[in-house]
Amino acid sequence: MDIFIKATPQDVATHAADVMAEYVRNGQTIGLATGSTPLLMYRELIARFQAKELSFKDCTAFLLDEYIGLPREHEQSYYRFIRDNFTSHIDIDDAKVHSPNGLAEDVHAEGPAYDAAIEAAGGIACQLVGVGANGHIGFNEPACSLNSGTRVETLHPKTIADNARFFDDDESQVPVHVLTQGLGTISRAGHVLLIATGAAKARAVKALIEGPLSAFCPASVLQLHNHATVIIDEEAAQLLEYSDYYRFCADNRV
Ligand code: F6R
């Protein structure tokens, strides 16, 4: 893993945007995450597009996950979230922004179909992920298969509580089921870029980098990936035992 500890969330966003921009410049397929953490990075990429430094016109994008039961137009659907916060502000072709269909008649068939669509697009060159306080990436909750494909997942009560902030602080409005790229799907991306900021992520960050490889912390699957980059701020890094070593590596890259 390449680990970068940055002073502020904005520094995390700038560095993550630098990583993504390389793939965008080459018109490659990118994987997008929702949630609060990537918002600054999306803002940074939008600014680069507006400054005519970057064009997304040749890119294809796949979202990580989607709530089951929410139509695309719903304010909290992840499709709508990505449109509102990112893709409607850049020049990517809407038809090339894919998300799992949370209203599919057969939601269990939707997962394998999504994985097939990713494969047909040549795979994801760079997949962005955030991390949940419980160590999930995508919506792969603790104890899921480390090799799972895209599928239906049941949210952990902690995730429902964390996400209630987007649903008028009402947990009962948060869908219990989601479609998520599996850990196997995420692991097939050429490069996985994980970003995390804030003290609430410190335990998950410690577990994913320094804990054992375990389905109990799904993000620890990145320990098996041969091109995983983790960019975090000081608050999220505060529990790391070898943070000095990670800084040393970052300062002495060859
Ligand atoms: C979002 C996703 C989730 C979030 C995670 C962190 O598409 O799959 O894994 O990345 O829950 O969310 P935030 O960034 O809101 O803390």
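Predicted, not measured: the structure shown is a model, and the values here were computed from it. Below, each value reflects all heavy atoms present in this structure, side chains not excepted, and no hydrogens, waters or symmetry copies. Read the numbers this way: they start at 1 and go in the same order the structure lists the ligands and their atoms. One-based numbering along the sequence shown.
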As a quick check of understanding, evaluate side chain to side chain contact (heavy atoms under 4.5 Å, CB included) for C126 and L193, giving each step before the final call. CA-CA 7 Å; C126 185; L193 171 61; 4.2 Å; yes

Return yes or no for this condition: an N or O of G138 is under 3.5 Å from an N or O of ligand 1. yes

Backbone or side-chain N or O of T34 under 3.5 Å from ligand 1 N or O: yes

As a quick check of understanding, evaluate side chain to side chain contact (heavy atoms under 4.5 Å, CB included) for R203 and L239, giving each step before the final call. CA-CA 7 Å; R203 276 187 57 211; L239 298 179; 3.7 Å; yes

To check your reading of the model: name the closest protein heavy atom to atom 11 (O) of ligand 1, its residue, and the distance in Å. H136 NE2, 2.7 Å

L64 contact mode with ligand 1 (heavy-atom cut-off under 4.0 Å): side chain

Backbone, side chain, both or neither: what part of V131 comes under 4.0 angstrom of ligand 1, heavy atoms only? backbone

For atom 14 (O) of ligand 1, grab the closest protein heavy atom and report residue, atom and distance to one decimal in Å. T37 OG1, 2.4 Å

Decide yes or no on side chain to side chain contact (heavy atoms under 4.5 Å, CB included) for T60 and I124, but give the supporting numbers first. CA-CA 9 Å; T60 299; I124 293 173; over 6 Å; no

Take R80 and E75 through the test side chain to side chain contact (heavy atoms under 4.5 Å, CB included) and record every step on the way to the result. CA-CA 6 Å; R80 169 92 183 264; E75 267 201 324; 3.8 Å; yes

How far is atom 10 (O) of ligand 1 from its nearest protein heavy atom, and which residue and atom name does that atom have? G130 CA, 3.4 Å

Identify whether F139 and I160 are in the same connected component of the hydrophobic contact network (ILVMFWY, side-chain heavy atoms under 4.5 Å). yes

Please confirm whether the ring centroid of F167 lies under 6.0 Å from the ring centroid of Y67. yes

Can you list the atoms of ligand 1 that are under 4.0 Å from a heavy atom of D65? 1 (C), 2 (C), 7 (O), 8 (O)

Taking the basic N atoms (NZ, or NE/NH1/NH2) and the acidic carboxylate oxygens, is any pair closer than 4.0 Å for R165 and D170? no

Among G31, G35, A196, whose heavy atom sits nearest atom 12 (O) of ligand 1? G35

Answer yes or no for R165: is there a heavy-atom contact with ligand 1 below 4.0 Å? yes

Of all the atoms in ligand 1, which lie at a distance below 4.0 Å from a heavy atom belonging to K201? 6 (C), 13 (P), 16 (O)

May I ask you to decide whether E234 forms a salt bridge with R247, counting only side-chain N to carboxylate O separations under 4.0 Å? yes

